[in-house]
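Reading through the structure tokens given below for one structure.
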Amino acid sequence: MAMEDPDKKTEVILLACGSFNPITNMHLRLFELAKDYFDETGKYKVIKGIISPVSDAYKKKGLISADHRVTMAKLATKNSDWVEVDDWESSQSEWVETVKVLRYHHQKLLSSDPTNSLQNALPLTKPGRKRKQEPNRHDPIKKKNQSPDIKSTPQIKLLCGSDVLESFGIPNLWKLEDITEIVQNHGLVCISRAGSNVQKFIYESDVLWRHKNNIHLVEEWITNDISSTRIRRALRRGQSIRYLVPDVVLAYIEKNNLYNPESEDKNAGVVLAPLQKYAKMPVDFSGTWNLVSNDNFEGYMVALGIDFATRKIAKMLKPQKVIKQDGDMLSIHTTSTFRDYMLQFKIGEEFEEDNKGLDNRKCKSLVTWDNDKLVCVQIGEKKNRGWTHWLEGDDLHLHIKLSVMIQQKD
């Protein structure tokens, strides 16, 4: 059996962008999972991993200073022989799009790669000396236009979780041309959990489907639900986070008294930088709206796992909605004889939603503009959950969605 030639493998650098607020063991696991995946293909060799924390200008709620986040990331990767932290993005005074971070590292790689110099690619001889021609000896004939065997520049691929990939569908959070450049010129490595609908999301996106061969889906079979949001919540409540973050990160958090109710309120009421840059507010939904009809609400409730008795009552209700819109602040008050529910949020700012009285699940919600429509993405236990509001004449329309996993017996 012939041995594999490591020089024939495509070299890959994994780049992970994000808040890392704080960095967790799950962030580090993403790199290991991706490296295992590429190693098993036999076609790639991962030579480096880069963690690039976002700058303070991203304006995400609860985002502590980049200095702290970068320091924690460096502590977490101190003992790694292949994952490192780069602070270029975090040091920028303005928010930098992910595609520009990829461009920066690609250009940095090109400028530091000696194989891009023809002088370094050719063999060197001592000046002023000629090799003596031996009798009856002929130099081998080279093929026409034969070029030196120059090693290709490593590929830089964006490493992310399935939530980042699915965020491509949030209106005004990503520019379509940026998504295209990322998947076309660089490539995406997505760590997806068992039961997620990442493949369905790719299928429903023309851009992602067109470049699906440059999107590597890595299944995470040993599930891990660690998230920075949950870490911060535990710290605010005085609960232990040991074994969820590296010990050196925990020690740094405790020493600097990071993550408390005051830090979580940082950037409260401030719209995320990309939404400030791309979003607009074209429609006023203010008014009192009475339900006229609904279609397949029963199916939606079944998918949520709502019991039969509750579904029977809910189908008979005629709820009323009172919407108040003040700039980018909205309140939606839904009332009925069965449920009284108030939802208040700021467009472009993520918030925790408690679906009390419906399925009683909590989720992280983000409402944005998509032209004249209000679109909400709800991230939680149920995948691809959300809703869309829009106006047609004097009618207010609501479309609610939820993905359902269908399993078959062997």
Lys/Arg N to Asp/Glu carboxylate O, Glu349 vs Lys60, below 4.0 Å: no
In terms of side-chain geometry, is the basic nitrogen of Lys61 or Glu350 positioned less than 4.0 Å from the acidic oxygen of its partner? no
Any side-chain heavy-atom pair of [X] and [Y] under 4.5 Å:
X	Y	value
Ile50	Val83	no
Asp39	Tyr44	no
Pro274	Glu97	no
Cys190	Val218	no
Trp174	Thr98	yes
Val367	Phe351	yes
Leu30	Glu32	no
Gln320	Trp289	no

Around [X], counting heavy atoms of other residues, nucleotides and ligands shown, do more than 12 lie under 6.0 Å from its [atom1]?
X	atom1	result
Asp307	CG	yes
Asp394	CG	no
Lys43	NZ	no

I need the minimum non-hydrogen distance between [X] and [Y], along with the two atoms involved.
X	Y	result
Ile47	Pro154	CD1-CG, 3.7 Å
Leu330	Ile347	CD1-CD1, 3.5 Å
Val54	Ser19	CG1-CA, 3.9 Å
Pro22	Ser228	O-OG, 2.8 Å
Glu94	Ser55	O-OG, 3.7 Å
Leu63	Lys266	O-CD, 3.1 Å

Applying side-chain hydrogen bond (donor to acceptor under 3.5 Å, both in side chains) between Arg69 and each of Asp87, Asn21, Asp56, report the one that passes. Asp56
Indicate yes or no for a side-chain donor-acceptor contact from [X] to the backbone of [Y] under 3.5 Å, with no hydrogens or angles considered.
X	Y	answer
Lys157	His186	yes
Ser205	Ile202	no
Thr77	Ser80	no
Asn172	Trp369	yes
Asn267	Val270	no
Asn25	Tyr243	yes
Thr368	Gly348	no

Rounded to the nearest 0.5 Å, what separates atom [atom1] in [X] from atom [atom2] in [Y]?
X	Y	atom1	atom2	answer
Trp390	Leu396	CH2	CG	9.0 Å
Phe201	Trp209	CZ	CH2	14.0 Å
Thr24	His27	OG1	NE2	4.5 Å
Leu165	Ile182	CG	CD1	10.5 Å
Met301	Ile400	CE	CD1	8.5 Å

Would you please test Lys100 and Trp95 for side-chain contact (heavy atoms from CB on, under 4.5 Å) and show each step? CA-CA 10 Å; Lys100 292 182 179 178; Trp95 167 70; over 6 Å; no
Please determine which of [options] meets the side chain to side chain contact (heavy atoms under 4.5 Å, CB included) test together with [X].
X	options	result
Ile23	Leu28, Val245, Leu75	Leu28
Phe168	Asp178, Val207, Leu188, Leu173	Leu188
Arg210	Asn213, Asp206, Asn214	Asp206

Run the numbers on Gln107 and His105 for side-chain contact (heavy atoms from CB on, under 4.5 Å), then give the verdict. CA-CA 5 Å; Gln107 188 58 45; His105 285 284; over 6 Å; no
Can Cys363 and Ile379 be said to form a side-chain contact (heavy atoms from CB on, under 4.5 Å), step by step? CA-CA 5 Å; Cys363 58; Ile379 301 174; 5.8 Å; no
Identified salt bridge (charged side-chain N to carboxylate O under 4.0 Å, His left out) counterpart of Glu352 within the set Lys364, Arg233, Arg230: Arg233
Sequence neighbours excluded - ring-ring contact (aromatic ring centres under 6.0 Å, His included) pairs with any residue from residues 245-271: His68-Tyr252
Parallel, tilted or perpendicular, judged at 30° and 60°: which one describes the rings of Tyr104 and Trp88? parallel
Geometric class of the His216/Tyr37 ring pair [parallel <30°, tilted 30-60°, perpendicular >60°]: perpendicular
Going by atom types only, do [X] and [Y] share a side-chain donor-acceptor pair under 3.5 Å?
X	Y	value
Lys321	His389	yes
Ser286	Asp284	yes
Asp340	His333	yes
Gln155	Glu11	no

Applying side-chain contact (heavy atoms from CB on, under 4.5 Å) to Val375 and Ile170, what does each step give before you reach the verdict? CA-CA 8 Å; Val375 179; Ile170 298 177; over 6 Å; no
Assess the residue pair Glu264 and Arg232 against the criterion (salt bridge (charged side-chain N to carboxylate O under 4.0 Å, His left out)); give the C-alpha distance rounded to whole Å, side-chain angles, the decisive distance to 0.1 Å, and a yes or no. CA-CA 8 Å; Glu264 193 63 21; Arg232 296 197 306 274; 3.0 Å; yes
With sequence neighbours left out, which residue pairs that include part of residues 77-86 fulfil the salt bridge (Lys or Arg N to Asp or Glu O under 4.0 Å) condition? Lys48-Glu84, Asp86-Lys108
